[in-house]
Every structure is written in C-alpha cells, then in structure tokens.
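Please read through the structure below; I'll follow up with questions.
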Amino acid sequence: MNTLRTPAQSYAFRIIELIDAGKIEEVQKLIIEHPMTLRNAMNQYLYKSVMKRLTSRRKTFSKLS
C-alpha cells in the first residue's frame, strides 16, 4: 500500500511494521528518538475517532427528530 501519508501516519505505520516483525528494541529506539511524533500520531487518531463518533451521533439524533 503506497499512499500519501502524513508524517505521523508514516511513523505509526513504521511502528506497527516493527511490532509485527518482533523488533521490539527498534520500536523502543524509534519512540525514544521521536516521542512527540508518537504523541502527535495518537492525538490525530483520537481526534478523528471522537469526531467520527460525534458525527455519527448527530446523524442518529437528526433522524429521530
């Protein structure tokens, strides 16, 4: 899958690949070198999840009205 990703998405994807390969030491090294990138990736995911849930709720409530 070769799509355009944000730096945070690329970082998260790299961590997932390393975990799947069982390279835990490399995961730790990557996180220690770039802790804010991990934080930003997690914040981005959380924001999108919350917004999706809120949008879904709004659609449900508008159908009930």
Side-chain angles (χ1 to χ4, degrees):
M1 183 162 123
N2 192 7
T3 61
L4 295 177
R5 295 188 180 112
T6 65
Q9 289 170 327
S10 296
Y11 179 80
F13 186 75
R14 180 70 181 136
I15 289 176
I16 291 167
E17 286 180 327
L18 290 170
I19 291 170
D20 288 344
K23 298 180 179 179
I24 304 305
E25 294 82 17
E26 290 184 41
V27 171
Q28 292 172 339
K29 182 180 174 187
L30 187 60
I31 292 171
I32 290 170
E33 290 174 356
H34 304 285
M36 290 306 292
T37 306
L38 177 61
R39 184 180 188 282
N40 292 338
M42 293 173 71
N43 280 335
Q44 181 180 20
Y45 173 78
L46 180 60
Y47 176 79
K48 286 182 178 182
S49 298
V50 169
M51 292 308 292
K52 185 177 179 180
R53 186 177 60 209
L54 289 175
T55 303
S56 175
R57 284 185 182 173
R58 287 181 189 147
K59 288 179 182 177
T60 302
F61 288 133
S62 66
K63 288 179 183 177
L64 295 175
S65 299

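As the structure is a computational prediction, the values presented were derived from the model and not from experiment. As a basis for the values below, the full set of heavy atoms in this structure was taken, side chains included, without hydrogen atoms, waters or symmetry mates.
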**OP:** Keeping the roles fixed (side chain from S56, backbone from K52), state whether a donor-acceptor pair exists under 3.5 Å.
**Re:**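 No.
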**OP:** Only counting residues at least two apart or in another chain, list the ones meeting side chain to side chain contact (heavy atoms under 4.5 Å, CB included) with A41.
**Re:**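 Applying side chain to side chain contact (heavy atoms under 4.5 Å, CB included) to A41 gives A8, A12.
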Original post:
Does K48 have any side chain to side chain contact (heavy atoms under 4.5 Å, CB included) partners at least two apart in sequence or in another chain, and if so, which?
Top reply: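 Partners of K48 under the side chain to side chain contact (heavy atoms under 4.5 Å, CB included) test: Q9, Q44.
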Under 3.5 Å, which donor-acceptor pairs do the side chains of residues 18-39 form with other protein atoms, sequence neighbours left out?
none

Original post:
Which distance, rounded to the nearest 0.5 Å, do you find between the OG of S49 and the CG of L54?
Top reply: 11.0 Å
